[in-house]
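Only one structure is covered here, and it is reproduced in the block below.
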Amino acid sequence: MSLTLHYHPLSSFCWKVLIGLYENDTPFEKRAVNLGDEGERAAFYSLWPIGKFPVIVNAERGEIVPESTPILDYLDLYFPGPTRFVSADPDMAWRTRLWDRIVDMHVHLGMQTVVGNRIRPAEAKDPHGVAMARASMTRAYGVIEDGLAGRTWLSGPDFGLADCAALPALYYADKVEPWGEARPGITAYLERLKARPSVKRVLAEAEPFFKYFPAED
Ligand SMILES: N[C@@H](CCC(=O)N[C@@H](CS)C(=O)NCC(=O)O)C(=O)O
């Protein structure tokens with residue numbers, strides 16, 4: 001098997017890539033990384049000095065690919081399957097990338113800020129940063145709600161990159177900054193996402209680890 005995914009089961013950006021891999025039944029091996037273990041941490045940083053997962057290694061081609069969006073581009077290119085992550089139509093493609101960025105930058109990163117603050121020591125908490133992150137997420141919810149009007153998937157009629165990005169971002173975001181009844185379009189969209197077999201599989205695999213999610217501020 002040529003592909004190895006370096007990941008953590010609770011890592012939301014890893015879910016984004018796992019959904020893509022499961023969509024197309026792409027053969028790959030998983031390597032869970034425990035950054036709390038000194039040896040595993042050092043090995044992972046020597047693979048990818050930025051030290052963030054997901055990272056995919058393609059042993060056959062001798063390539064190391066970090067960052068969730070380029071990983072899905074890489075899978076589209078070298079391991080294509082029935083689900084294309086970005087359309088070959090350039091007009092659809094820029095729209096998909098725009099939604100991928102909106103979700104990653106304005107929902108996913110905000111959610112990470114809120115969760116990251118929960119596990120900081122008391123003297124290092126950042127209430128201002130958290131308030132800014134929550135406000136950014138709330139603005140993004142409005143944009144996403146409007147964008148979803150009349151659509152099944154986030155960037156158009158076909159499931160793709162933006163939807164792989166949206167599931168982990170929205171799944172965790174709703175736990176830390178719920179959008180509530182004012183955003184029925186997002187609620188229905190999240191249910192459509194959760195009904196996909198690829199997403200069901202990702203959530204089922206992560207389930208035993210949910211008890212480690214920091215639930216309180
Ligand atoms: N822009 C990156 C973000 C990756 C990221 O933030 N990964 C988190 C897990 S969800 C991580 O590696 N955290 C470990 C750390 O920061 O030490 C992507 O799209 O892959």
Side-chain angles (χ1 to χ4, degrees), residues 9-25 54 68-69 71-72 75-76 81-87 89 91-115 130 133-210 213-215 217:
L10 274 184
S11 153
S12 41
F13 278 104
C14 294
W15 287 9
K16 177 173 161 184
V17 166
L18 280 167
I19 292 167
L21 287 162
Y22 292 156
E23 277 291 319
N24 287 330
D25 278 329
S68 55
T69 297
I71 291 173
L72 289 170
L75 294 176
D76 242 353
T83 297
R84 300 310 304 241
F85 305 120
V86 178
S87 170
D89 170 0
D91 188 62
M92 274 307 302
W94 77 259
R95 294 173 198 279
T96 298
R97 293 188 176 288
L98 171 63
W99 284 109
D100 173 68
R101 293 299 75 210
I102 290 171
V103 166
D104 273 11
M105 305 305 291
H106 306 295
V107 179
H108 207 145
L109 293 186
M111 177 276 290
Q112 271 190 334
T113 299
V114 177
V115 175
V130 167
R134 290 187 184 282
S136 157
M137 291 166 76
T138 301
R139 285 193 297 271
Y141 295 160
V143 171
I144 294 168
E145 180 76 15
D146 292 347
L148 280 168
R151 282 197 207 146
T152 304
W153 303 113
L154 191 49
S155 59
D158 299 319
F159 180 95
L161 168 69
D163 305 295
C164 295
L167 179 279
L170 294 174
Y171 182 89
Y172 281 118
D174 195 32
K175 303 207 179 310
V176 305
E177 181 64 25
W179 50 77
E181 288 172 12
R183 306 290 182 215
I186 304 186
T187 301
Y189 171 57
L190 183 56
E191 290 312 307
R192 284 197 292 283
L193 286 169
K194 284 188 197 165
R196 280 192 87 89
S198 59
V199 171
K200 282 188 179 168
R201 187 169 167 189
V202 167
L203 294 178
E205 287 174 0
E207 214 274 333
F209 299 90
F210 283 148
F213 180 76
D217 278 334

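From a predicted model like this one, the values you see are computed outputs, not experimental measurements.
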Pair K16-D100, salt bridge (charged side-chain N to carboxylate O under 4.0 Å, His left out): steps then yes or no
CA-CA 11 Å; K16 177 173 161 184; D100 173 68; 3.0 Å; yes

Does a salt bridge link R134 with E177, judged by any charged N lying under 4.0 Å from a carboxylate O?
yes

So does C164 get a backbone contact from the side chain of W15, meaning a donor-acceptor N/O pair under 3.5 Å?
no

Taking ring-ring contact (aromatic ring centres under 6.0 Å, His included) as the definition, give me every residue that meets it alongside F213, ordered by chain and number, with sequence neighbours left out.
Y172

Going by the rule salt bridge (charged side-chain N to carboxylate O under 4.0 Å, His left out), which residues pair with R101 if we only count those two or more places apart in sequence or in a different chain?
D104

Determine whether V199 and Y22 satisfy the following criterion, side chain to side chain contact (heavy atoms under 4.5 Å, CB included), listing intermediate values before the conclusion.
CA-CA 8 Å; V199 171; Y22 292 156; over 6 Å; no

Kindly indicate, with the supporting measurements, whether the criterion side chain to side chain contact (heavy atoms under 4.5 Å, CB included) is fulfilled by L193 and F159.
CA-CA 9 Å; L193 286 169; F159 180 95; 3.9 Å; yes

Quick one: which residue pairs count as a ring pair (Phe, Tyr, Trp, His ring centres under 6.0 Å) with a foot in residues 173-205, not counting sequence neighbours?
Y141-W179

Would T69 and R97 satisfy side chain to side chain contact (heavy atoms under 4.5 Å, CB included), going step by step from the backbone distance to the final call?
CA-CA 9 Å; T69 297; R97 293 188 176 288; 4.0 Å; yes

Atom of A140, atom of V107 and distance for their closest heavy-atom approach
CB-CG2, 3.7 Å

Test side chain to side chain contact (heavy atoms under 4.5 Å, CB included) on I19 and R196; report intermediate values, then the result.
CA-CA 9 Å; I19 292 167; R196 280 192 87 89; over 6 Å; no

Set of residues satisfying salt bridge (charged side-chain N to carboxylate O under 4.0 Å, His left out) with respect to K194, sequence neighbours excluded
E191

Restricting to side chain to side chain donor-acceptor pair (under 3.5 Å), what partner residues turn up for T83, sequence neighbours left out?
E23

Considering the options D163, T96, D76, which one meets the side chain to side chain contact (heavy atoms under 4.5 Å, CB included) requirement together with F85?
D76

In chain order, what residues pass the side chain to side chain contact (heavy atoms under 4.5 Å, CB included) check against P178, with sequence neighbours excluded?
D174

Whether the side chain of R84 engages the backbone of S87 through a donor-acceptor N/O pair (distance < 3.5 Å, no angle test) should be reported.
no

